[in-house]
Number of protein chains: 2
Amino acid sequence: MSLPHAILTALLEKPSSGLELTRRFDRSIGYFWSATHQQIYRELGKLESDGLIRALPSEQPARGQKKAYEVLPAGRAELARWTAAGQDPKPQRDALLLRLRAAAVVGTAGLEADLGRHLDLHRRQLAEYEEIERRDFPPGRDGPEDRLRHLVLRAGIDLETFWTRWLAHALAEVAGLSEVTGGTASSDGAGTTPPR
Amino acid sequence: MSLPHAILTALLEKPSSGLELTRRFDRSIGYFWSATHQQIYRELGKLESDGLIRALPSEQPARGQKKAYEVLPAGRAELARWTAAGQDPKPQRDALLLRLRAAAVVGTAGLEADLGRHLDLHRRQLAEYEEIERRDFPPGRDGPEDRLRHLVLRAGIDLETFWTRWLAHALAEVAGLSEVTGGTASSDGAGTTPPR
DNA sequence: AAGCTTTATGCAACTAGTTGCAGAACCGGT
DNA sequence: ACCGGTTCTGCAACTAGTTGCATAAAGCTT
């Protein structure tokens with residue numbers, strides 16, 4: 001139940017149309033709460049009919065016509081309420097870790113390439129975050145809002161740093177394994193599931 | 001599309017009934033791929049009708065009666081296929097970071113308590129992981145399967161370490177902010193959304 | 001043996017997120 | 001003025017995950 005609040009936040013930062021929101025989700029907000037344009041349009045409709053946002057009155061709002069929204073007081077209040085409320089963390093889901101665990105049972109064949117690809121992706125993301133930090137948070141700018149936003153960015157940077165390190169380590173480990181066993185570790189499951 | 005593979009992995013490690021699987025998901029597998037008993041029962045049915053697993057023939061399988069499953073060769077093959085195949089990482093979703101960003105706009109009121117609660121949860125999880133490491137990976141045990149499983153556990157430990165550190169830092173930062181502004185930073189949105 | 005609790009399996013309905021497609025305006029070039 | 005690509009909005013159908021409840025057997029209690 002966070003998408004509407006992600007949208008409210010984005011709209012408070014700057015009133016936007018559906019597509020503008022989509023683009024901003026692809027850049028900044030989407031780094032920790034991604035959404036497709038479909039979700040966004042649907043949610044905008046819902047938020048409007050709930051009276052939390054409204055379409056800025058401009059040109060006639062026809063199909064294929066840009067339509068910008070702004071947050072109403074009720075929307076700001078709802079966002080404040082949600083921000084203050086406690087929430088339990090969502091259960092984790094990480095397919096890569098799961099695959100590593102599966103590899104312990106069925107063998108590591110084919111894993112290396114994908115680990116490398118992930119490493120590359122995380123390196124890129126890290127570089128992007130660092131670029132943003134350089135651009136948006138030069139030493140000096142540190143009003144309350146900046147400090148909070150910087151904190152969030154730091155989480156992103158540190159997370160990507162963690163993943164690049166871990167993936168590099170994992171890659172070395174997996175490479176070591178396939179070297180020893182000649183391509184696949186325990187691909188017959190011996191040692192874990194004894195043949196019956 | 002990872003749940004069936006999580007189940008196959010778990011069943012290869014040890015044939016189990018639905019409830020046993022559920023419990024094991026709550027402990028080890030669920031740390032990086034959680035699932036409710038509902039998902040598991042449904043998926044077991046699907047996997048069985050697809051011929052990837054089968055019910056161990058034992059007592060008559062009536063309702064309210066334990067029914068254990070084991071993986072068939074086709075299931076092992078499917079798991080190996082999936083493990084080897086490359087997959088794009090799922091888009092990130094982190095409600096806490098989102099809330100911090102919202103707080104930059106609507107104020108930090110009420111955040112501190114919840115940050116503290118999250119810190120506590122992550123500390124507990126970290127302690128649990130470290131306990132598992134002590135118990136299951138004493139120095140010496142390092143066959144191929146152990147190395148891979150240990151690698152996964154290390155990811156968990158390092159992630160939780162990261163979060164506890166970051167949360168402690170965030171908590172200090174937020175406390176500093178509310179001290180300066182008297183409880184809420186920029187709760188009227190000034191500075192970000194100039195009043196029109 | 002009658003009732004209560006726990007264990008185990010499962011159905012049905014719902015919410016959130018994804019994918020594929022389509023239609024209207026707008027913006028160039030010819 | 002017409003055509004073709006791009007922008008912008010949106011519907012419909014699907015997949016994955018969650019919540020609430022039902023039902024059957026087994027074990028314990030009196």
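Throughout, protein chains are lettered first and strands after them, A, B, ... in sequence-line order, and every chain is numbered starting at 1. Only this structure's heavy atoms are used, side chains among them; waters, hydrogens and symmetry mates stay out.
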If only side-chain N and O atoms of [X] are considered, is one of them under 4.0 Å from the OP1 or OP2 phosphate oxygen of [N]?
| X | N | result |
| --- | --- | --- |
| B/K67 | C/dG10 | yes |
| A/Y41 | D/dT9 | yes |
| B/R93 | C/dT18 | yes |
| A/R23 | D/dC8 | yes |
| A/S17 | D/dT9 | yes |

Most 5' of B/L19 and A/K46 on DNA chain C, judged by nearest nucleotide: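 Checking each residue's closest nucleotide, the 5'-ward one belongs to B/L19.
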
Between [N] atom [atom2] and [X] atom [atom1], what is the distance in whole Å?
| X | N | atom1 | atom2 | result |
| --- | --- | --- | --- | --- |
| A/W33 | C/dA16 | CH2 | P | 10 Å |
| B/M1 | C/dG17 | CE | C1' | 16 Å |
| A/I40 | D/dC11 | CD1 | P | 15 Å |
| B/Q39 | C/dG10 | CD | P | 16 Å |
| A/L21 | D/dG10 | CG | C1' | 15 Å |
| B/H37 | D/dT19 | NE2 | C1' | 9 Å |
| B/D88 | C/dT19 | CG | P | 10 Å |
| A/E43 | D/dT9 | CD | C1' | 16 Å |

Distance-only donor-acceptor test (3.5 Å): side chain B/Q38, base C/dG10: yes

Side chain B/R42 and base D/dT18 donor-acceptor under 3.5 Å: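 Answer yes: a donor N or O sits under 3.5 Å from an acceptor.
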
Test item: A/R24 and A/K14 side chains (from C-beta on) under 4.5 Å apart, heavy atoms: yes

Side-chain heavy atoms of B/E13 within contact of B/R149, under 4.5 Å: yes

B/L119 reachable from B/Y129 in the ILVMFWY side-chain graph, under 4.5 Å edges: yes

Side-chain donor or acceptor of B/S34 paired with backbone N/O of B/G30 under 3.5 Å: no

Check: A/Q39 side chain, A/T36 main-chain N or O, donor-acceptor pair, under 3.5 Å: yes

